[in-house]
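In what follows, a structure is listed as structure tokens, so that the remarks can point back to it.
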2 protein chains.
Amino acid sequence: MDLTAGDLRELERLAATGRRFPAQTPLLHQSDVPENAILVLDGFACRYKYLTNGRRQITAYLVPGDLFELDLEYRLPLDCALGTLTACRLAVLPRPDYEDLLRRRPRIARGLQMMRLTEAAILREWITNLGSRSGPERLAHFLCEMLLRLRTTGLASDNQYSFPITQADLADTLGMSCVHINRVLQKLRRDGLIELSGRRLTILKPEGLRTLAEYDASYLEPAAIPLRPCVSDRPAA
Amino acid sequence: MDLTAGDLRELERLAATGRRFPAQTPLLHQSDVPENAILVLDGFACRYKYLTNGRRQITAYLVPGDLFELDLEYRLPLDCALGTLTACRLAVLPRPDYEDLLRRRPRIARGLQMMRLTEAAILREWITNLGSRSGPERLAHFLCEMLLRLRTTGLASDNQYSFPITQADLADTLGMSCVHINRVLQKLRRDGLIELSGRRLTILKPEGLRTLAEYDASYLEPAAIPLRPCVSDRPAA
DNA sequence: CGCTCGGTTGATTATGGTCAATTCGCGTGG
DNA sequence: CCACGCGAATTGACCATAATCAACCGAGCG
């Protein structure tokens with residue numbers, strides 16, 4: 001992105017203000033009217049919905065650099081809840097500060113416009129994933145997406161990244177039971193595609209995983225707007 | 001919405017320019033860079049993706065009043081294709097006209113902002129639907145959503161609407177095989193919830209259908225922006 | 001040391017997919 | 001007017017994928 005030095009300073013300043021939250025913390029719930037924008041600095045957060053039968057569906061991941069936005073004009077109640085998956089560091093931006101930031105930093109505002117397009121593309125990709133792919137394909141697709149998204153902020157070097165997500169959360173993400181997630185994970189391991197030990201994921205055969213998932217990354221291409229300064233100097237290509 | 005008389009005239013003028021397209025016509029395909037915005041005046045269109053295994057996933061329905069938007073600043077290639085489901089009448093708006101319309105009609109532009117929020121909410125709802133609900137629940141949810149969306153443009157009176165969608169298309173929408181769709185439809189009929197004959201759907205027990213689907217319409221509430229003048233004077237409440 | 005959470009395993013069941021044949025509705029051409 | 005043909009809907013038989021239930025393991029923590 002074509003952010004100015006001033007824009008970047010602004011983002012650095014934001015990144016300094018992070019508050020810590022433990023894993024599995026609800027931040028906002030459905031039908032709340034949010035008064036803060038939230039920038040993820042560290043850890044994974046997500047949007048999710050509960051059904052009355054107890055099932056939970058995660059509808060989006062927020063990884064470092066992702067922003068939970070406010071709609072400016074209308075104050076619509078949320079259509080889904082927001083919470084952390086892992087321990088997180090979050091920058092909490094009250095509405096006035098958020099509006100002010102967008103006014104003062106038009107290039108950042110432009111970047112957010114792009115981010116919205118990417119977010120919608122990801123949602124459509126998830127619909128395709130849930131509707132049209134088998135268990136192993138679904139999981140493979142999700143892991144490929146995470147790899148690319150984490151790369152844009154330098155959080156994935158090579159083909160591995162920190163992945164401290166429980167299998168139960170994965171199940172809620174991919175619309176499967178956690179027993180089944182466990183078996184699908186084992187299949188990917190058995191096929192030598194991935195290695196998942198501790199809280200770190202290594203993709204052993206990136207090409208194989210992409211083939212299995214029919215992964216086409218073009219929907220993410222425009223996503224190269226790290227709102228969070230990269231940790232490493234240069235994200236892996 | 002708070003559109004002015006001038007805004008409405010503008011929309012009326014647009015609605016007069018519609019071109020007709022037969023059912024199942026591809027309009028744009030994936031990775032195209034669109035040069036026209038498209039307003040649906042009549043019939044159903046959709047966004048969809050093909051996988052190489054032949055499966056197709058529909059990711060969004062465009063019903064009369066819905067707009068296929070252009071992104072103004074970036075000319076991103078499409079992440080999914082666009083085509084008609086039924087015979088359609090569409091207003092095709094070349095990019096310059098579209099940009100011009102938004103410049104001249106700030107209230108319409110504001111309305112589109114709201115539309116985008118609703119679209120995203122619908123996508124998240126679909127993710128939940130595909131990931132967390134059984135066949136009958138999924139179908140019921142979809143039918144409830146269509147009822148409400150068609151009501152906003154006066155295309156559903158009471159609890160029935162014209163529904164000329166093939167079972168194969170329904171299958172591609174809900175991530176099931178068309179054999180299964182057929183059986184699920186029969187179950188809803190057998191349970192006295194709906195009647196679907198010819199190309200018309202009647203919801204016999206609206207409350208029952210909503211209960212089955214756990215349908216909560218709040219994600220659609222803000223959608224009351226018919227870009228297409230209502231046929232009837234007053235959409236059903 | 002024992003508890004708890006997350007991960008793993010096996011057995012059983014259910015939901016939904018696939019294949020293949022049949023029927024129905026409807027428009028077309030003889 | 002009727003036979004034909006085509007796409008869509010329907011049905012049955014069989015199979016695969018994934019859910020459920022229940023038990024067990026293993027690491028980390030108070």
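Protein chains get the first letters and strands the later ones, always in sequence-line order, with residue 1 at the start of each.
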With heavy atoms under 4.0 Å as the rule, sort Thr166(A) into base, sugar-phosphate or nothing. sugar-phosphate
Expressed in angstrom and rounded to an integer, what is the separation of Ile165(B) atom CD1 from dG7(D) atom P? 19 Å
How many whole angstroms separate atom CG of Leu185(B) from atom P of dT11(D)? 12 Å
Whole-Å distance separating the CD1 atom of Ile181(A) from the P atom of dT17(D): 16 Å
Contact class for Arg133(A) vs. all strands (heavy atom < 4.0 Å): base, sugar-phosphate, or nothing? nothing
Whole Å only: how far is the CE atom of Met176(B) from the C1' atom of dA16(D)? 18 Å
Can you tell me if the side-chain N/O atoms of Arg183(A) get under 4.0 Å from OP1 or OP2 in dT20(D)? no
What is the distance, to the nearest angstrom, from the CD atom on Gln167(A) to the C1' atom on dC25(D)? 14 Å
Does Arg189(A) CZ have over 12 foreign heavy atoms under 6.0 Å away? yes
On DNA chain C, which is the earliest and which the latest nucleotide, 5' to 3', with an atom closer than 4.0 Å to a heavy atom of chain A? dG7(C) to dA11(C)
Kindly check if the number of other-residue, nucleotide or ligand heavy atoms within 6.0 Å of CZ (Arg200(A)) is above 12? yes
So what does Val184(A) hit on the nucleic acid, given a heavy-atom distance under 4.0 Å: a base, only sugar-phosphate, or nothing? nothing
Does the distance from a Lys or Arg side-chain N to an Asp or Glu carboxylate O, for Asp169(B) and Arg56(B), drop under 4.0 Å? yes
For Tyr61(B) and Glu145(B): C-alpha separation, side-chain torsions, deciding distance, then whether side-chain contact (heavy atoms from CB on, under 4.5 Å) applies. CA-CA 11 Å; Tyr61(B) 274 53; Glu145(B) 180 183 301; over 6 Å; no
To the nearest angstrom, the CG-C1' distance between Asn53(A) and dT20(D) comes to 14 Å
Can a salt bridge be assigned to the pair Glu125(A) and Arg133(A) using a cut-off of 4.0 Å between side-chain N and carboxylate O? yes
Round to a whole Å and report the spacing from CD of Glu137(A) to C1' of dA16(D). 14 Å
Given 3.5 Å as the limit, does a donor-acceptor pair link the side chain of Asn159(B) with the main chain of Thr202(B), or not? no
For the pair His141(A) and Tyr219(A), name the ring-plane relationship: parallel under 30°, tilted 30 to 60°, perpendicular over 60°. parallel
Rounded interatomic separation in angstrom, taking CG from Asp169(B) and P from dG7(D): 14 Å
